[in-house]
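We name chains A, B, ... by the order of the sequence lines, and we start the count at 1 in each one.
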Amino acid sequence: MAFWLMKSEPHVYPWEQLVSDGETHWDGVRNYQARNIMRDDMKVGDFVLFYHSNCKPPHVAGVARVCREAYPDFTALDTDSNYFDPKSSPDNPRWMMVDIEAVEQLPDTVPLGDMRENPELNGMPLLQRGQRLSVQPVSEQHFETVCGMGGLDPSSL
DNA sequence: GCCAACGTTGGC
DNA sequence: GCCAACGTTGGC
């Protein structure tokens with residue numbers, strides 16, 4: 001069992017949309033490091049902190065779970081998609097995605113500033129300078145701390 | 001809107 | 001394989 005954090009801009013795909021969809025395919029990741037994490041490391045049942053970036057304030061909104069392991073990101077093959085990549089092909093798909101499902105909304109969203117101020121989160125990748133990865137690892141301890149800050153008992157998951 | 005940090009591209 | 005130029009991310 002591993003723990004992850006995934007970023008989404010709320011005006012692109014908000015947490016509320018995941019709740020209403022139930023589950024979704026995480027298309028559009030075009031960064032090799034993030035792809036490798038999805039392809040090699042994310043397993044069904046892993047928990048995911050759903051993070052809203054590029055908003056005021058940035059915050060963790062809810063807990064999701066991986067419900068399908070990596071498979072080709074078909075938007076890379078779709079010429080009509082903003083995520084189209086001419087270097088990807090059906091025989092040799094360059095980009096991968098996983099599916100995630102909503103698990104629990106945090107009773108209180110957890111703002112980035114609060115996370116920075118919490119010494120229990122020291123070393124969390126999200127808080128490192130210049131961190132831009134849209135899919136990143138979270139330790140179990142940090143995962144539980146963030147849940148707690150959001151008013152969610154992680155042992156209830 | 002600014003800009004620091006980082007990733008990618010492409011000429012050489 | 002180096003590295004300058006450029007594009008993107010994302011907090012502030």
*Considering heavy-atom distances to DNA chain B, does A:N54 or A:K87 have its closest nucleotide positioned more toward the 5' end?*
A:N54

*For C:dG11, does OP1 or OP2 lie under 4.0 Å from any side-chain N or O of A:Y51?*
yes

*Integer-rounded Å distance: C:dG11 C1' and A:H59 NE2*: 14 Å

*Rounded to the Å, how far apart are A:M115 CE and C:dG10 P?*
13 Å

_Tell me the interatomic distance from A:H52, atom NE2, to C:dT9, atom P, rounded to whole angstroms._
17 Å

*Round to the nearest Å and state the distance from A:Q131 atom CD to B:dC6 atom P.*
9 Å

*For A:D99 and A:Y71, run side chain to side chain donor-acceptor pair (under 3.5 Å): C-alpha distance rounded to whole Å, both residues' side-chain angles, the deciding distance at 0.1 Å, then the answer.*
CA-CA 9 Å; A:D99 288 357; A:Y71 59 106; 2.4 Å; yes

_Passing candidate, salt bridge (charged side-chain N to carboxylate O under 4.0 Å, His left out) with A:D73, options A:R39, A:R35, A:R30_ = A:R30

*A:Y32 side chain: which of C:dG11, B:dT8, C:dG10 is closest?*
B:dT8

*For C:dC12, take OP1 and OP2 only and decide whether either is under 4.0 Å from a side-chain N or O of A:R116.*
yes

*What is the distance from CD of A:Q33 to C1' of B:dT8, rounded to the nearest Å?*
14 Å

*asked:* Would you compute the distance between atom CE of A:M42 and atom CZ of A:R68 and round it to the nearest 0.5 angstrom?
replied: 14.0 Å

*Does a nitrogen or oxygen in the side chain of A:K7 sit under 4.0 Å from OP1 or OP2 of C:dG10?*
yes

*In whole angstrom, give the distance that lies between atom CG of A:N31 and atom C1' of C:dG7.*
14 Å

*What's the CZ-P distance between A:R132 and B:dT8, to the nearest Å?*
9 Å

_Nearest-angstrom distance from the residue atom CE of A:M6 to C1' of C:dT9_ = 17 Å

*Considering non-hydrogen atoms only, spot the tightest contact between A:P111 and A:H59 and give its length.*
CA-CB, 3.8 Å

*Determine the sole option in A:P86, A:P90, A:P72 for which the side-chain contact (heavy atoms from CB on, under 4.5 Å) test with A:L77 is passed.*
A:P90

*On DNA chain B, nearest-nucleotide positions of A:K56 versus A:G130: which is more 5'?*
A:K56

